[in-house]
A.B. asks: 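Below you will find the structure I want to go over with you.
These numbers were taken from a predicted model, which means no experiment stands behind them.
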Amino acid sequence: QVQLVESGGDSAQVGGSLTLTCVASGTAYFRKSIAWFRRAPRKEREAVAAIYTDGGKTFYPDFETGRRLTISQNNAGDTVYLQMNNLKPEDTAMYYCAAGSWNLRDRFAASEYEAWGQGTLVAVSS
């Protein structure tokens, strides 16, 4: 019912920037919440940002201090971005966007999301 397509992953230098894009289509109810997750090598998948597409309210996990990663959306609410600044080697990961309904119990829990994109790879090197 919801399709997600990510793009924008690339190789980048430490301190550089990238913008990831997630285009969402399908039943609007099931993409009221969209989040970016990442899975780094040998690490568990973790959420890095979430947005409520009906209004644009954003959410970040506690570890995302300094706000190097910023989530936003277009006016239509069908494209969500992840702006990544001051990239670090630990940002190297496969990044996925995920969509769910509005009434999630935990916006940062992968199990709450019903639709996933195929992922886009970010590789940061010094």
Side-chain angles (χ1 to χ4, degrees):
Q1 292 176 314
V2 174
Q3 295 78 43
L4 304 169
V5 179
E6 305 100 329
S7 62
D10 203 349
S11 299
Q13 296 290 314
V14 169
S17 298
L18 284 174
T19 301
L20 307 184
T21 300
C22 172
V23 178
S25 59
T27 306
Y29 176 82
F30 294 108
R31 47 184 174 91
K32 288 294 187 183
S33 298
I34 292 183
W36 283 99
F37 286 78
R38 68 184 179 189
R39 176 170 280 166
R42 298 174 296 280
K43 291 188 177 180
E44 293 189 1
R45 179 172 46 186
E46 63 180 358
V48 297
I51 190 166
Y52 183 49
T53 60
D54 192 4
K57 186 173 182 179
T58 59
F59 307 86
Y60 299 91
D62 290 341
F63 74 85
E64 188 23 37
T65 58
R67 205 49 56 77
R68 297 186 301 110
L69 307 181
T70 304
I71 192 170
S72 62
Q73 65 177 7
N74 66 348
N75 290 336
D78 59 7
T79 301
V80 174
Y81 308 97
L82 184 68
Q83 176 67 40
M84 308 175 65
N85 295 324
N86 190 20
L87 288 165
K88 300 179 178 181
E90 52 263 41
D91 292 322
T92 295
M94 186 70 81
Y95 285 73
Y96 302 88
C97 65
S101 61
W102 64 273
N103 57 340
L104 303 182
R105 291 170 296 180
D106 181 350
R107 295 187 182 279
F108 303 129
S111 59
E112 293 285 329
Y113 293 87
E114 299 165 345
W116 293 79
Q118 82 289 349
T120 188
L121 181 63
V122 172
V124 182
S125 60
S126 57

A.B. asks: What residues, two or more places apart in sequence or in another chain, satisfy side chain to side chain contact (heavy atoms under 4.5 Å, CB included) together with S72?
C.D. replies: Y81
A.B. asks: Would you give me the side-chain donor-acceptor pairs under 3.5 Å for residues 115-126, sequence neighbours excluded?
C.D. replies:
{"residue": "W116", "atom": "NE1", "partner": "Y113", "partner atom": "O", "Å": "3.4"}
{"residue": "Q118", "atom": "NE2", "partner": "E6", "partner atom": "O", "Å": "3.1"}
{"residue": "T120", "atom": "OG1", "partner": "G9", "partner atom": "N", "Å": "2.8"}

A.B. asks: Say whether R31 and T53, considering side chains only, have a donor N or O and an acceptor N or O under 3.5 Å apart.
C.D. replies: no
A.B. asks: What residues, two or more places apart in sequence or in another chain, satisfy side-chain hydrogen bond (donor to acceptor under 3.5 Å, both in side chains) together with T27?
C.D. replies: none
A.B. asks: How many angstroms lie between atom NZ of K88 and atom CZ of R68, to the nearest 0.5 angstrom?
C.D. replies: 4.5 Å
A.B. asks: Compare every heavy atom of F37 with every heavy atom of A35, then report the nearest pair and how far apart it is.
C.D. replies: CB-CE1, 3.7 Å
A.B. asks: Can you tell me how far CG of L69 sits from CD of Q83, rounded to the nearest 0.5 angstrom?
C.D. replies: 9.5 Å
A.B. asks: Identify whether NZ of Lys or CZ of Arg in R39 sits under 6.0 Å from the centre of the six-membered ring of Y96 and within 45° of that ring's axis.
C.D. replies: no
A.B. asks: Who passes side-chain hydrogen bond (donor to acceptor under 3.5 Å, both in side chains) against S7, sequence neighbours left out?
C.D. replies: none
A.B. asks: Would L18 and V48 show up in the same hydrophobic cluster when neighbours are defined by side-chain heavy atoms closer than 4.5 Å?
C.D. replies: yes
A.B. asks: From L82 CG over to I34 CD1, what is the distance, rounded to the nearest 0.5 angstrom?
C.D. replies: 12.5 Å
A.B. asks: Under the side-chain hydrogen bond (donor to acceptor under 3.5 Å, both in side chains) rule, collect the residues that match up with E112, sequence neighbours excluded.
C.D. replies: R105
A.B. asks: Are side-chain heavy atoms of V14 and P89 found at a separation under 4.5 Å?
C.D. replies: yes
A.B. asks: Is the side chain of N74 donor-acceptor paired with the backbone N or O of T79 at a distance under 3.5 Å, no angle test?
C.D. replies: yes
A.B. asks: Do other residues, nucleotides or ligands put more than 12 heavy atoms under 6.0 Å from the CG atom of D106?
C.D. replies: yes
A.B. asks: Just how far is it from atom OG of S33 to atom CD of E114, taken to the nearest 0.5 Å?
C.D. replies: 10.0 Å
A.B. asks: In the hydrophobic clustering that connects Ile, Leu, Val, Met, Phe, Trp and Tyr at side-chain heavy-atom distances below 4.5 Å, which members other than V2 occupy its cluster, ordered by chain and number?
C.D. replies: L4, Y29, F30, Y52, F59, W102, F108
A.B. asks: Test of understanding: clusters of I, L, V, M, F, W, Y form through side-chain heavy atoms closer than 4.5 Å, transitively. Do I51 and L104 belong to the same one?
C.D. replies: no
